There are 2 protein chains.
Amino acid sequence: MTWSTAQVARMSKVTSRTLRHYDEIGLLPPSRVGANGYRFYEQEQLLRLQQILVLRELGLGLDAIAEIVRDGRDQAAVLRMHHRWLLAERDRFDRLAKTVSRTITDVEGNRIMTKKSAEHWFEGFDQPTQQHLQQEARERWGESVDTTPKSTDWWRTQGQGWVAIVDELIAHLDADRRADDPAVQRTVEGHYQWIKGHWTPNRESYIGLADVYADDPRFRANFDKSDPRLAEFLRAAITEYANTKLS
Amino acid sequence: MTWSTAQVARMSKVTSRTLRHYDEIGLLPPSRVGANGYRFYEQEQLLRLQQILVLRELGLGLDAIAEIVRDGRDQAAVLRMHHRWLLAERDRFDRLAKTVSRTITDVEGNRIMTKKSAEHWFEGFDQPTQQHLQQEARERWGESVDTTPKSTDWWRTQGQGWVAIVDELIAHLDADRRADDPAVQRTVEGHYQWIKGHWTPNRESYIGLADVYADDPRFRANFDKSDPRLAEFLRAAITEYANTKLS
DNA sequence: GTAGAAGTTGACGTAACGTCAAAGTCAACC
DNA sequence: GGTTGACTTTGACGTTACGTCAACTTCTAC
């Protein structure tokens, strides 16, 4: 089966402009281009488009999507990962609805806000999805990491949560704490919860993530910019946490 | 309690740049501006920000958000509407996850796609949320419709489904069909299903919507641009449909 | 042949900020 | 009081992902 641009656009509810754009940037080349210059798509392209649209719904930029959606991967495994992400996003909207419920209660009770209660009003809005989802994909397929210069921006786009965690780790290092010190482990717990917002690592995968942090050249380079002790310290701290707290 | 820009930004996870932007466009003016030029926010602004962020999460543009988020409305009623929208969006992500599940089954079974099955791959991606949510808000608070020039773009952003319905109505008028003609009623049925994708009108609210279409100056103006007979014809057709098909 | 739908390329415009620079303000510390 | 660093402002250019439009070609049905 083959589909024209308009047919694909109609089925998928994206515009032909979008399809052209995706072809231009190499994200979704058509199956073939006719002698008349017309684009034609087949099943493989439709599958890929679905994946693109899922990731777009999850808020990823096209750069990140290009990195995740690739030929040659086990498609069923990719789809299962997307499925899990969609369920996580579904749960986040549930959390947002609960946040609004709480606000309704506050407003109907004419509650005066304190500093503490104000923070509850914004629970669920954090969506550092792109970084997390890319991270998970990289952990899984790290060996095929894209090396385009644009990807070096990944570190720079990390959210505030991560920055705070790094700051704490550096403070621990400066206080000469060891990786298994309870304070250090609390920081790792914070990191774990941050990750857990979107996917829940088990022991193996959390340690695998620590290894990515320490071994991936770009992660490593960015850590070294902050403090040369960081990478190995984080690896040790995460490994300790995973071995004592996770299964 | 008063909060500075940075405090609000931290709590809400938006940037100070965003808060400035929202002030500049009048979407979220601060509670007051100090002698030093600094912005300060209070509870009322935080409540409004939460509403803005909810609607942003739901994919609305800032124009549409400005139209929905207003002073003087029953805040509990506004929040309950947002709550319902969030649950609907949660359910849509559930549908998306089910779509991906189906794809996994197809891929693992090495199913060859037919024209029909290809359409299933894209279920759940339709999100004409902005139009529908604005419409619902207008139906509820139509009498306080904003008259800023920018809002006149609303009509232009209507989706294809709406355009097709209008085209059909004009065709019915040209064929001298009455509002209760079965063919006309089938068009209204199509409109009803289009609305029903996001909220289900009962008799009263569907007729109320028809009244909004005919009585709101901007709706009316846009209808008149297409055909001066349209507004009243649509009102009559919807009223007929609602009285015979809805309770 | 004609008309209208469908499709292309090319190119400017848009929305919602992100980023950066320059400068002022504030608070803590010496 | 001076210094430093965090905080805040205004101003302005840049970015992303298309939307919109124009001009032209191709296809299909009559």
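By convention in this document, chain letters (A, B, ...) are assigned in the order of the sequence lines, proteins followed by strands, and residues within each chain are numbered from 1. Since this is a predicted model, take the numbers as computed values, not measurements.
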Inset, instruction - For Glu24(A) and dT16(D), give me the distance from atom CD to atom C1', rounded to whole Å. - result: 14 Å
Legend entry - d(CG, Leu19(A); P, dT9(C)) in whole Å: 12 Å
Legend entry - Polar side-chain atom of Arg48(B) near backbone of Leu27(B) as donor-acceptor pair, under 3.5 Å: yes
Legend entry - Nucleotide dC17(C), atom C1' - distance to CD1 of Ile52(B) in whole Å: 14 Å
Inset, instruction - Examine dT10(D): is either OP1 or OP2 under 4.0 Å from a nitrogen or oxygen in the side chain of Arg39(B)? Give yes or no. - result: yes
Inset, instruction - Only one of Leu86(B), Leu79(B), Leu87(B) passes side chain to side chain contact (heavy atoms under 4.5 Å, CB included) with His83(B); say which it is. - result: Leu87(B)
Inset, instruction - Identify whether any heavy atom of Tyr22(B) sits under 4.0 Å from a base atom; if not, whether one sits that close to sugar-phosphate; answer base, sugar-phosphate or nothing. - result: sugar-phosphate
Inset, instruction - Describe, in one word, how the ring planes of His82(B) and Trp85(B) are oriented to each other, choosing from parallel (under 30°), tilted (30 to 60°) and perpendicular (over 60°). - result: parallel
Inset, instruction - Looking only at side-chain atoms of Arg56(B), point me to the closest of dC7(D), dC18(D), dC17(C). - result: dC17(C)
Inset, instruction - Specify the separation, in whole Å, of atom CG of Asp63(B) and atom C1' of dA16(C). - result: 11 Å
Inset, instruction - Kindly point out which of dT10(D), dG24(C), dG10(C) is positioned nearest to the side chain of Tyr38(B)? - result: dG24(C)
Legend entry - Short side-chain to backbone donor-acceptor contact, Thr18(B) and Val14(B), under 3.5 Å: no
Inset, instruction - May I ask you to verify if any side-chain N or O of Thr5(A) is less than 4.0 angstrom from the OP1 or OP2 atom of dT8(C)? - result: yes
Inset, instruction - Report yes if a side-chain nitrogen or oxygen of Ser4(B) is closer than 4.0 Å to either non-bridging phosphate oxygen (OP1 or OP2) of dT8(D); otherwise report no. - result: yes
Inset, instruction - Examine dA6(C): is either OP1 or OP2 under 4.0 Å from a nitrogen or oxygen in the side chain of Ser16(A)? Give yes or no. - result: no
Inset, instruction - Would you tell me whether Thr103(B) and Gln50(A) have side-chain atoms, one donor and one acceptor, within less than 3.5 Å of each other? - result: yes
Inset, instruction - Return the nearest nucleotide to the side chain of His21(B); candidates are dC17(C), dG19(D), dT8(D). - result: dC17(C)
Inset, instruction - Decide yes or no, distance alone: a donor-acceptor N/O pair under 3.5 angstrom between the base of dT20(D) and the side-chain of Arg17(A). - result: yes
Legend entry - Whole angstrom value for the distance that separates C1' of dG18(C) from NZ of Lys13(B): 19 Å
Inset, instruction - May I ask you to verify if any side-chain N or O of Asn36(A) is less than 4.0 angstrom from the OP1 or OP2 atom of dG7(C)? - result: no
Inset, instruction - Using atom CH2 of Trp3(A) as one end and atom C1' of dA6(C) as the other, report the distance to the nearest whole Å. - result: 19 Å
Inset, instruction - Grab the CZ-P distance between Arg20(B) and dG18(C) for me, whole Å please. - result: 11 Å
Inset, instruction - Hey, which sits more toward the 5' end of DNA chain C by its nearest nucleotide, Thr18(B) or Arg10(A)? - result: Arg10(A)
Inset, instruction - Please report, rounded to the nearest Å, how far the C1' atom of dA15(C) is from the CG atom of Leu60(B). - result: 14 Å
